[in-house]
Amino acid sequence: MRSCLFVMLALAGMARAADDVKLPLGIPRDLYQFVTPKDNPETPEKIALGKQLFFDTRLSADGTVSCA
């Protein structure tokens, strides 16, 4: 469960913490800015990796459940 939360926060924090960013529902701006390092901007590769990890069942104990 903790790894799913980490992946969800990572996915939510992929975009820069600019004021004009539309945040996903349920993500407060202060949390979003906290988990988005200013010196680590988003890249398409990071977004693709986050999506891959979010849907990967190999990360579960028995290999059958993903965070999705």
Side-chain angles (χ1 to χ4, degrees):
M1 182 67 160
R2 184 181 295 177
S3 63
C4 288
L5 177 61
F6 174 76
V7 171
M8 289 179 354
L9 287 174
L11 286 173
M14 283 295 169
R16 291 182 189 95
D19 290 332
D20 60 343
V21 171
K22 183 176 179 185
L23 299 178
L25 289 177
I27 304 293
R29 184 161 297 280
D30 56 343
L31 173 63
Y32 181 78
Q33 291 173 339
F34 177 75
V35 300
T36 307
K38 291 180 179 25
D39 62 342
N40 192 7
E42 77 173 50
T43 65
E45 295 82 11
K46 289 179 189 177
I47 293 171
L49 175 61
K51 286 180 181 179
Q52 182 180 0
L53 292 173
F54 188 74
F55 293 103
D56 194 346
T57 57
R58 295 176 294 171
L59 300 176
S60 67
D62 63 0
T64 62
V65 180
S66 71
C67 290

Seminar exercise, completed: Output for pair (Phe54 CZ, Ser66 OG), nearest 0.5 Å, gives 7.0 Å
Exercise. Any idea which heavy atoms bring Gly63 and Ser60 closest together, and the distance?
Worked result: N-OG, 2.9 Å
Exercise. Out of curiosity, Gln52 CD to Arg58 CZ, how far, rounded to the nearest 0.5 Å?
Worked result: 7.0 Å
Problem set entry | Within-4.5 Å side-chain heavy-atom neighbours: Leu49 and Leu53 | yes
